[in-house]
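Residue numbers begin at 1 in each chain, while the letters A, B, ... track the order of the sequences.
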There are 2 protein chains.
Amino acid sequence: MNTDQLNQHEALLVKNGLKKTGARLRVLDILSGSEAAASQPDIEHVVGKDIDRVTLYRILKTFEEKGIIHRIIDNQGTANYAFCHNNCSEHAHHDEHLHFNCVNCQKVYCIDNAHLPHFKLNLPPGFSLQQLSFVATGRCENCSKLTEQK
Amino acid sequence: MNTDQLNQHEALLVKNGLKKTGARLRVLDILSGSEAAASQPDIEHVVGKDIDRVTLYRILKTFEEKGIIHRIIDNQGTANYAFCHNNCSEHAHHDEHLHFNCVNCQKVYCIDNAHLPHFKLNLPPGFSLQQLSFVATGRCENCSKLTEQK
DNA sequence: TAAACAATTGCAACAAAATTGCGTTTATAT
DNA sequence: ATATAAACGCAATTTTGTTGCAATTGTTTA
């Protein structure tokens with residue numbers, strides 16, 4: 001319940017021509033609070049009955065369309081959401097992302113400050129590249145600590 | 001209906017201790033026929049009533065477990081399947097993959113012969129890397145030809 | 001080649017996830 | 001304070017994925 005953050009979130013909504021509603025602020029709060037990206041099921045679980053499931057779908061959808069958050073599909077096909085940092089605009093994401101997907105807890109981490117090499121990718125003829133992203137899989141910090149967990 | 005290919009597929013099943021059934025051979029045939037990976041909905045659509053939906057799920061699952069095919073989740077969260085080439089074993093995929101996901105038709109292509117750089121990824125402390133893969137998005141050959149298609 | 005056995009399949013029922021329509025409520029501008 | 005469009009919640013529906021079980025089929029072996 002940080003006041004600064006609340007104001008920041010409200011400003012974010014206004015900036016994008018969205019009404020300041022409790023449900024939306026709640027979602028923004030959840031996304032701010034988690035270090036990793038938040039999975040849709042997780043968000044759903046956290047908000048419980050406070051926000052209708054349909055409303056949640058729609059909130060996430062409009063946030064994504066406005067470029068406030070971006071959606072990351074993890075290795076199991078589950079949608080995860082995180083704030084857009086860096087160069088995300090409403091219409092395109094121009095940077096090279098790196099996402100880390102933990103094989104144990106399935107959490108998705110956006111690694112912003114990893115040094116990523118720029119290189120020319122040679123695709124088959126006719127293929128045009130719009131974006132390149134890196135997906136690392138392995139064990140996150142928490143799960144590395146757990147011994148012998150399958 | 002290539003005879004050579006049929007024998008090859010039958011051998012593949014036998015090698016993995018699986019019975020030669022019509023449904024399985026059909027799935028292998030479909031996967032062989034498509035240049036890109038085949039999405040689960042596509043396969044389902046192609047086979048129609050010939051193979052029960054549940055059976056298809058199970059076939060794909062066992063094929064994946066045996067390391068015959070691998071599953072690729074595309075940007076929409078849809079499962080796609082393709083044969084394992086290269087260094088796939090039953091238990092792990094050791095190579096660095098490159099997948100191309102078309103933003104227009106959503107098809108997933110496994111790009112095997114692209115030169116991928118090897119580099120040391122610096123992850124946050126505690127994170128251990130098991131695999132790194134590359135996901136390129138853009139327009140595939142077919143969709144590049146189409147003018148102004150949204 | 002026939003019997004025996006386990007693997008595989010299909011069906012039905014179920015559960016979970018996602019979508020649509022619509023009436024009501026609410027935030028914001030006037 | 002009121003008008004208005006946006007946002008929400010509920011109900012119904014569709015789509016997707018799972019489970020259990022009985023019937024069938026492929027393969028082994030006698």
Problem - From CD (Q8(A)) to CG (N2(A)), nearest 0.5 Å - result: 8.5 Å
Handout entry: Nucleotide dG17(D), atom C1' - distance to CD of Q40(B) in whole Å
Key = 9 Å
Handout entry: Full working for side-chain contact (heavy atoms from CB on, under 4.5 Å) between C110(B) and H97(B)
Key = CA-CA 8 Å; C110(B) 302; H97(B) 294 282; over 6 Å; no
Practice task
For K19(A), report the nucleic acid contact type (base, sugar-phosphate, nothing); a contact means any heavy atom under 4.0 Å.
Solution key: base
Fill in the blank from the handout: In whole angstroms, the gap separating C1' of dT15(D) from OH of Y57(A) amounts to 11 Å
Problem - Rounded distance [0.5 Å steps], CZ in R24(A) versus CG in D29(A) - result: 16.0 Å
Exercise for the section: Find the distance L25(B):CG to dT25(D):C1' and express it as a whole number of Å. Expected result: 14 Å
Exercise for the section: Please find the earliest and latest nucleotides of DNA chain C, in the 5' to 3' direction, that have an atom within less than 4.0 Å of any heavy atom of chain A. Expected result: dA17(C) to dT28(C)
Problem - Residue whose closest nucleotide on DNA chain D lies nearer the 5' end, P41(B) versus A23(A) - result: A23(A)
Completion exercise
R26(A) atom CZ is separated from dC8(D) atom C1', nearest whole Å, by 16 Å
Exercise for the section: Could you check which of dT19(D), dG26(D), dC8(D) has an atom nearest any side-chain atom of T21(B)? Expected result: dG26(D)
Practice task
Using only side-chain N and O atoms of T55(A), determine if any of them is under 4.0 Å from OP1 or OP2 of dG9(D).
Solution key: yes
Completion exercise
Residue pair G77(B)/K20(B) against DNA chain D: nearer the 5' end by closest nucleotide is G77(B)
Practice task
State which residues pass ring pair (Phe, Tyr, Trp, His ring centres under 6.0 Å) with H9(A); sequence neighbours excluded, sorted by chain then number.
Solution key: none
Handout entry: Residues which pass ring pair (Phe, Tyr, Trp, His ring centres under 6.0 Å) with Y109(B), listed by chain and number, not counting sequence neighbours
Key = F127(A)
Exercise for the section: Name the nucleic acid region contacted by R24(A), choosing base, sugar-phosphate or nothing; use a 4.0 angstrom heavy-atom cut-off, strictly under. Expected result: sugar-phosphate
Handout entry: Ring geometry between F119(B) and F134(B) (parallel below 30°, tilted from 30 to 60°, perpendicular above 60°)
Key = perpendicular
Handout entry: Under 3.5 Å donor-acceptor pair, R58(A) side-chain atoms to dG9(D) base atoms
Key = yes
Handout entry: Between dT16(D) (C1') and K61(B) (NZ): distance, integer Å
Key = 16 Å
Problem - Value in whole Å for how far the C1' atom of dT28(D) lies from CG of L18(B) - result: 16 Å
Exercise for the section: Return yes if a side-chain donor-acceptor contact under 3.5 Å exists between N101(A) and D74(A), otherwise no. Expected result: no
Handout entry: Whole angstrom value for the distance that separates C1' of dT16(D) from CG of D52(B)
Key = 14 Å
Completion exercise
Separation of dA7(D) atom C1' from I59(A) atom CD1, nearest Å, is 9 Å
